[in-house]
Every structure is written in C-alpha cells, then in structure tokens.
Amino acid sequence: MSLSTAADEDSAQEIHLPADIDWKMLDKSKFFFLGAALFSGVSATLYPVVVLKTRQQVCPAESSCAKIAMSMLRREGFRGLYRGFATSLTGTIPARALYMTALEVTKSNVGIATVRLGFPEPTAAAIANAVAGLSAAMAAQIVWTPIDVVSQRLMVQGGCMNQMEKNPTVNASASSNCKYRGGIDAFRKILSADGIRGLYRGFGMSILTYAPSNAVWWASYSVTQRFVWGGVGCYFCKKEENINENGSSVSSFRPDSKTVMAVQGLSAAMAGGVSALITMPLDTIKTRLQVLDGEGNDKRPPTIGQTVKNLVREGGWSACYRGLGPRWASMSMSATTMITTYEFLKRMSAKNQESLT
C-alpha cells in the first residue's frame, strides 16, 4: 500500500506502508487463538477504568473519579477494581471472536464493492471501515449484552448501591436489592427474576451506543491515519529517491515497524476520543438501564424516558456526561492498545509473512 502525500509536475512523495491484510490472508486458527490471549491481557489492563466509569455513571450524586477510586481502595481493597472481571473475561473471548470475524469479512467485501463502484481508494476505505465497525458491534452485542449486564451488576455492588440504601434523600428504590456471590449467582438471579429479557436489558441502547460509536471510530481512524501520515509521518521514515517512467523524481518513504505502530496508536487515540465524546450520554443511559431497577413496588425495569428524567433531576443535563473522564481515557487507551494489538495480531496470523514487507 502506498500513500501519496504531495505531487507536482516535477516531483511526488509517496509513503509505502506495509501491505493490508484481509480476511483471506489470515490463518484463522492462529488468528483466534492469539487474539484470545492478546485481548484478554488488554481487558485486564483497562478493566479498573471501566469499573470506575460504571460506578460514576450509577452514583446518584456528583462524585469525582479520584474520590470513587480512593473510597473503593479504602473499603474494598485492590480487588474492588476487578469486581466482575472473571465474568467479563468469559464473555470477552467469544464476543471478540465474533467482532473480529464480522469486522474483517465485512471490511473485505464492502471494500471490494466500493472500489468496483468507482469510489476513490481513501473514500472506499472509510466507507468499508464504517460499515465493518457497525456490523461488528451489532454482532458482538448478541454475546456481550448479557455479560455486560451481569458484570456491571457486580461492578457496582458494594459501591454506590450502598450510598443509595443509606442516604434517605437519594432514590434508594431505584437500586438493585439483590446481592450476588459471583457471576454465576448473578446470572441465575437475573434469569429467575426477569427471564431472558433481564439478561438483554438495555440491548437496544447498547446497539444505539456501540454501533454508531464503532462506525464513527473506524471511519475516523481511517481518515485520521491518512491525515497523520500526510502531515508528519514522512518526517519519521527512511527517504529514498527514485525515477519513475516519465523520468521525474519520486521521493519514497518507507517507515519501520515502530513508526507504523506509533502512527496507528496516535490515530486510534484521536478517533477514540471523538467517539467517546459523541456517544457518552447514550452510554450513561445504557449503563443505568442495565444496572438499576425501576421505582415502585413492582420493580419494573425503568424506561429510557424515566432514566433520562432521573439523570436530569439528579444533576441536570450534565449528569448524562458523568464518567466522561474515565470513559474518554478508557476509549482512547483501549483504542490505542486495541488497534496496535490488532494490527500486530493480523501480521502474526498472516499465512504468507514474506509478502507483507
């Protein structure tokens, strides 16, 4: 793959990036086995930030991330930052496998189709990435939503739920009264109380949150990566001077693997920050739908409208952005580690390693 950064009558500049690896070029068994190991490590690293974000979203009163973290460490110890991790990890492996399969298959097919329709390569890549991100997120939510519901119930247990029960001025009836001994116990109790619908609580909001978020992220990543390469990428590449067929000089830049990973990481972080900011209110509503019970004696799950009203009553419209700091950091760090890990995984899983240079 080559990326043209400038051109005029006498000279041109091109950055020769490593070859793209599509679905057909991958050794599937190696891809899924290495992917399970690599992404499990990424999930373990970022999990405490997800716990803090979830507790901040559910807390009925404004509370800083640092204050929640200190309170957790004081009362629950370091293990509190990993509440529900085993459950989350159990779902991460099949959900990631489904996500990566849908992503690569869709990207490959849509990319070919858009090029055949006559779209320029940059536009075709952005469209393919957006559609692939959308389909991958929707596919993964089939597996991930029940795991998300269970793990988030475990995350908030012993935290803000206790504040709701102890503080009479806070809407304690909205909290979940169930106490869980672990993921399996939580799964059984949710299934017993609400049936299969309880495990898919917030599924619609999850789709509305993650599908557009992934589409925006992957499209932004494609565009941002080209922007970074065109702006500063060539300054960190090895320069070569060549003569093309017309006799004019062409400056070629060949980045090493470290430069490629740095640009990919920077582009992913920028795209992740934008996506987090745009979809934050949807994520807050989704989290509350999955964690909190309804008001009144029947304890019916709250509707989207009731959830929004409760948020506004607690802290105005800004309450919809509770947990923005942790989520922005989580998505930026997750995007950076995910894309660098993912690109590394694809290169490690390629059938023909020699063709990638």
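In this text, all values refer to a predicted model and were calculated from it rather than measured experimentally.
Note on residues 262-276: pairs passing side chain to side chain donor-acceptor pair (under 3.5 Å), not counting sequence neighbours, are Ser213-Ser275. Under the ring-ring contact (aromatic ring centres under 6.0 Å, His included) criterion, no residue pair touches residues 307-328, with sequence neighbours excluded.
Within the model, atoms CH2 of Trp217 and CD1 of Ile278 stand 14.0 Å from one another, a figure rounded to the nearest 0.5 Å. The distance from the CG atom of Asp283 to the CZ atom of Arg288 is 12.5 Å, given to the nearest 0.5 Å. The OG1 atom of Thr340 sits 10.0 Å away from the CG atom of Leu38 when rounded to the nearest 0.5 Å. Taking OG1 of Thr224 as the start and CG of Leu266 as the end, the distance is 8.5 Å to the nearest 0.5 Å. Rounded to the nearest 0.5 Å, atoms CG (Leu282) and CD1 (Ile304) are 9.0 Å apart. Rounded to the nearest 0.5 angstrom, Leu199 CG and Asp148 CG are separated by 11.5 Å.
Under a hydrophobic clustering in which Ile, Leu, Val, Met, Phe, Trp and Tyr are joined whenever their side-chain heavy atoms come within less than 4.5 Å, directly or via other members, Met280 and Met205 fall into different clusters. If you chain together hydrophobic residues whose side chains sit under 4.5 Å apart, Val150 and Tyr180 fall into the same group. Residue Met155 is grouped with residue Met72 when hydrophobic side chains (ILVMFWY) are merged at heavy-atom distances under 4.5 angstrom, including chains of intermediate members. Under the 4.5 Å side-chain heavy-atom criterion for Ile, Leu, Val, Met, Phe, Trp and Tyr, Val51 and Phe85 are members of the same hydrophobic cluster.
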Working for side chain to side chain donor-acceptor pair (under 3.5 Å), residues Thr54 and Thr287: CA-CA 7 Å; Thr54 302; Thr287 300; 5.5 Å; no
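Across every non-hydrogen atom of Ala132 and Leu103, the tightest pair is CB-O, 3.5 Å. Gly265 and Thr336 get closest at one heavy-atom pair: O-OG1, 3.3 Å. Between Ala102 and Ser135, the shortest heavy-atom contact is O-OG, 4.0 Å. Nearest heavy atom pair, residue Ala128 against residue Val110, reads CA-CG1, 3.7 Å. The heavy-atom pair separating Ala140 from Ala95 by the smallest distance is CB-O, 3.9 Å.
Counting heavy-atom neighbours within 6.0 Å of Ile184 CD1, excluding the residue itself, gives a total of 12 or less. No more than 12 heavy-atom neighbours from other residues, nucleotides or ligands sit within 6.0 angstrom of NZ on Lys309. Remark: Met138 CE is loosely packed, at most 12 non-hydrogen atoms of other residues, nucleotides or ligands lying under 6.0 Å away. Crowding of Phe187 atom CZ: a count of heavy atoms from other residues, nucleotides or ligands under 6.0 Å not exceeding 12.
Counting only distance, with no hydrogens or angles, the side chain of Ser43 and the backbone of Phe39 share a donor-acceptor pair below 3.5 Å. When atom types are taken as modelled, the side chain of Arg55 and the backbone of Val50 share no donor-acceptor pair closer than 3.5 angstrom. Formation of a donor-acceptor pair under 3.5 Å by the Ser222 side chain with backbone atoms of Trp218 is not found in this model. The backbone N or O of Gly84 sits nowhere less than 3.5 Å from a side-chain atom of Ser88 that would complete a donor-acceptor pair. For Thr114 (side chain) and Gly111 (main-chain N/O), a donor-acceptor pair under 3.5 Å exists by modelled atom type.
Residues Arg188 and Asp185 are paired through a salt bridge, judged by an N-O separation under 4.0 Å between the basic side chain and the carboxylate. Under a 4.0 Å N-O distance rule, the pair Glu104/Lys28 does not qualify as a salt bridge.
Contact of the Leu81 side chain with the Tyr47 side chain is not registered, since no non-hydrogen atoms from C-beta on lie closer than 4.5 Å.
A search for ring-ring contact (aromatic ring centres under 6.0 Å, His included) contacts involving Phe203 returns Tyr200, not counting sequence neighbours.
Side-chain contact of Thr279 with Arg327: a donor-acceptor pair under 3.5 Å is present, judged by distance alone.
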